[in-house]
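These values consider heavy atoms only, across backbone and side chains, with no hydrogens, waters or symmetry-generated copies. Bear in mind that the values here come from a model prediction, so they are computed numbers and not experimental data.
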Amino acid sequence: MQNGFVESFNERLRDECLNETLFTSMAHARFVLAAWRHDYYTVRPHSKMGGKTPAVIAGERHPIKQPS
């Protein structure tokens, strides 16, 4: 095991997307992978992050300043 986080991500990508989808073209593969990536990072809560999404965690670490 080199990096537990990367290996966990790769396993989820394989199990939830790559093994279940028969890609018909590169455009189709890009579309399906982009949709899965969006779901993984912005919709799905992660237990290791206290039930928050990575997008929420990233927003907490780097808050966007609103113009005044």
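Side chains of Leu18 and Leu13 form a contact here, defined as non-hydrogen atoms less than 4.5 Å apart. For the pair Thr21 and His28, the minimum side-chain heavy-atom distance is below 4.5 Å. Put simply, the side chain of Phe23 does not reach to within 4.5 Å of the side chain of Arg30, judged on heavy atoms. Between Glu11 and Glu7, every side-chain heavy-atom pair lies at or beyond the 4.5 Å cut-off. At least one side-chain heavy atom of His38 sits under 4.5 Å from a side-chain heavy atom of Val43.
A salt bridge does not link Arg14 with Glu20: none of the charged nitrogens is closer than 4.0 Å to a carboxylate oxygen.
The distance from the CZ atom of Phe31 to the CE atom of Met26 is 15.0 Å, given to the nearest 0.5 Å.
Side-chain heavy atoms closer than 4.5 Å link hydrophobic residues (I, L, V, M, F, W, Y) into clusters, and following such links, even through other members, never connects Val56 to Tyr41.
Across Pro45 and Gly51, no two heavy atoms sit closer than the pair CB-O, 3.1 Å.
For CZ of Arg44, the number of neighbouring non-hydrogen atoms (other residues, nucleotides, ligands) closer than 6.0 Å is greater than 12.
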